[in-house]
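A short worksheet on the structure shown next.
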Number of protein chains: 2
Amino acid sequence: MTGFATVLPAGRKRRGEGHTRREEILQAAKDLFLEQGYDSTTIRRIADRVGISAPALYLYFKDKEALMLALCDQTFAHLIEAVGEIERTVADPLERVRRFGEAYVQFGLSHPDEYRLVFLGANIPEAIRKVGHKAATDDPTKPGVGGALVFKRLVGILTELEASGTKLNYPPDTCGELCWMGLHGLVSAFILKPEFPWSDRELLVKGMLDIHLKGILRT
Amino acid sequence: MTGFATVLPAGRKRRGEGHTRREEILQAAKDLFLEQGYDSTTIRRIADRVGISAPALYLYFKDKEALMLALCDQTFAHLIEAVGEIERTVADPLERVRRFGEAYVQFGLSHPDEYRLVFLGANIPEAIRKVGHKAATDDPTKPGVGGALVFKRLVGILTELEASGTKLNYPPDTCGELCWMGLHGLVSAFILKPEFPWSDRELLVKGMLDIHLKGILRT
DNA sequence: GGCGTTAACTGAACATTGATAAGTTATCGG
DNA sequence: CCGATAACTTATCAATGTTCAGTTAACGCC
């Protein structure tokens, strides 16, 4: 019966294992948010799925917004990792921009629910949306700065592009904003209106990247 | 004292004047939505401002969403009208596209709540989002079809542009999708992240339009 | 004027929500 | 075994969207 102690009690967590419960809550909340949206997902339902009472949730998250916030950071981390991979492997600055765009779109389209959660701010009160770019520190562990981090990477790539001798039509940050807006518009359109008879997806992605690269580079 | 009968009783509406109360509610709701946002505006507060009880509101609107939808149609009518005005007064097809973009952006930025509800799929199940482009009837009185109507206008303008002899890099509907995606990305960025330190708004709007026009026209 | 019909409206209440207070249980170090 | 306390529960709150059952008052008609 000695091995019995290592089996999870299914009810209560062991003494230092609160963080485990915290992650269970996060997973359940993520599932439910994606299934039913933010507003329709109640604290009680999340707690039910985890197998605890509703107030127990407040031991791990200050309120419902904090829960959503934690999920946002989680999703941002994946995207930041993908972007970092490109910066590590692609040398040519111009190619980097294109690859960034492709990665960004592909991330959005292959994680439509998460993208919606984070970038579309669907059904999220305004207080949450605010943190996406707060002060923009470089510390990815701080909560709520993921959006600014991704964007800063893009601006960084564009700055290098300019430093490499390529003339731009706008300052790097303005170029970054324009590019991001175009890509975001593309991704959100596919996600929000999937049943609309859009033109060929590949064509639109390539077209959007071509348009923005052509529009940004001084001819 | 005969004139007294024509004075509004300040409390109850005369027998056939319910529509007056309906418009009072719409006005109060519009003000409150703009002051405090959709979620924070309660039915009771709207009713208070109008000077009636909360249940009285349900005599005129099925629920809170119906209220917002009525406001959306109201404001979308303005956008469609603005686009029509452009089509009527601007002859040059190319200039039309630019003016369309400017009008679209200005509409989105001055009606962020309505824009969110219709184009960002904020709140409430798929019932609303679907009607945004359902078969796209040409009847502007049907609720919720404003979005599709506006898009059709853009494609129409681009088709005329092509018919006038200008070569495009993509089919007109693809061009329309790309342009709309860029504009939509711009507007939704401003709406969803209003406190982000964006570059100058005018510059971004002009830049986005320049980029897409340049990218769409065959050189 | 009196009367019945009914549009316009109210008061009380319901179910559900996010959140808190106060108490309980079980785990662990010593 | 024991005291401390992390982990958790039950009871409860105020606010919200919404409904129900009734009430009031404007109007047409005699």
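Naming: A, B, ... by sequence-line order, numbering from 1 per chain.
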message: A quick test of your reading: do over 12 heavy atoms of other residues, nucleotides or ligands sit less than 6.0 Å from CD of Glu35(A)?
response: yes
- request: In whole angstrom, give the distance that lies between atom CZ of Arg21(A) and atom C1' of dT27(C).
  value: 14 Å
message: Going by the rule ring pair (Phe, Tyr, Trp, His ring centres under 6.0 Å), which residues pair with Phe61(A) if we only count those two or more places apart in sequence or in a different chain?
response: none
message: Go through it in stages, so that I can follow the logic: the residues are Glu85(A) and Arg99(A), the test is salt bridge (Lys or Arg N to Asp or Glu O under 4.0 Å), and I'd like the CA-CA distance, side-chain angles, deciding distance and then a yes or no.
response: CA-CA 10 Å; Glu85(A) 170 75 12; Arg99(A) 293 285 294 276; over 6 Å; no
query: So, is Arg14(A) close to the dC28(C) phosphate, meaning a side-chain N or O under 4.0 Å from OP1 or OP2?
result: yes
statement: note: Leu32(B), atom CG; dG17(D), atom C1'; distance rounded to Å ~ 16 Å
- request: May I have the distance from Lys62(A) (atom NZ) to dG18(C) (atom P), rounded to whole angstrom?
  value: 14 Å
message: For dA19(C) and Arg44(A) - does any side-chain N or O of the residue sit under 4.0 Å from the phosphate oxygens OP1/OP2?
response: no
- prompt: For Tyr58(B) and dC9(C), is the shortest distance between a side-chain N/O and OP1 or OP2 below 4.0 Å?
  reply: no
field: Donor-acceptor pair (no angle test) under 3.5 Å: Arg12(A) side chain, dA26(C) base
entry: no
query: Which residues pass the ring pair (Phe, Tyr, Trp, His ring centres under 6.0 Å) test with Phe100(A), sequence neighbours left out?
result: none
task: Could you tell me the separation between the CG atom of Asp48(B) and the P atom of dC9(C), rounded to a whole number of Å?
output: 15 Å
- request: Name the nucleic acid region contacted by Phe61(B), choosing base, sugar-phosphate or nothing; use a 4.0 angstrom heavy-atom cut-off, strictly under.
  value: nothing
task: Would you kindly give the CD1-to-C1' distance between Ile43(A) and dA15(C), to the nearest whole Å?
output: 18 Å
- prompt: Under 4.0 angstrom, heavy atoms only, what part of the nucleic acid is Thr41(B) near: base, sugar-phosphate, or nothing?
  reply: sugar-phosphate
message: Would you say that Ile46(B) contacts Thr42(B) through its side chain, given a criterion of any heavy-atom pair below 4.5 Å between the two side chains?
response: no
task: Measure from CD on Gln36(A) to P on dT17(C) and round the result to the nearest Å.
output: 10 Å
Under 3.5 Å, sequence neighbours excluded: what are the donor-acceptor pairs made by side chains of residues 170-179 of chain A?
unit_1	atom_1	unit_2	atom_2	d
Thr174(A)	OG1	Ser199(B)	OG	2.9
Glu177(A)	OE1	Ser199(B)	N	2.8
Glu177(A)	OE1	Ser199(B)	OG	3.0
Glu177(A)	OE2	Ser199(B)	N	3.3
Glu177(A)	OE2	Ser199(B)	OG	3.1

Please write out the pairs of protein N or O atoms and N or O atoms of nucleotides 9-11 of chain D separated by less than 3.5 Å, giving the distance to one decimal.
unit_1	atom_1	unit_2	atom_2	d
dT9(D)	OP2	Ser53(A)	N	2.7
dT9(D)	OP2	Ser53(A)	OG	2.7

- prompt: Is the His111(A) ring parallel, tilted or perpendicular to the His78(A) ring (thresholds 30°, 60°)?
  reply: tilted
- prompt: Over how many whole Å does the gap from Glu17(A) atom CD to dT5(D) atom C1' extend?
  reply: 16 Å
task: Output yes when at least one side-chain N/O atom of Lys13(A) is less than 4.0 Å from OP1 or OP2 of dA7(D), else no.
output: no
query: Should the pair Lys64(B) and Tyr58(B) be classed as cation-pi, given the thresholds of under 6.0 Å to the six-membered ring centre and 45° from the axis?
result: no
d(NZ, Lys64(B); C1', dT17(C)) in whole Å: 13 Å
message: Quick check for you: among dC9(C), dT16(D), dG18(C), whose closest atom lies nearest to any side-chain atom of Thr42(A)?
response: dG18(C)
Are any protein N/O atoms closer than 3.5 Å to N/O atoms in nucleotides 1-4 of chain C? If there are, list each pair with its distance.
none

query: With under 30° as parallel and over 60° as perpendicular, where do the rings of Phe76(A) and Phe119(A) fit, or are they tilted in between?
result: perpendicular
task: Sort and list the pairs that fulfil side-chain hydrogen bond (donor to acceptor under 3.5 Å, both in side chains) and have at least one residue in residues 200-211 of chain B, not counting sequence neighbours.
output: Arg98(B)-Asp210(B), Lys206(B)-Asp210(B)
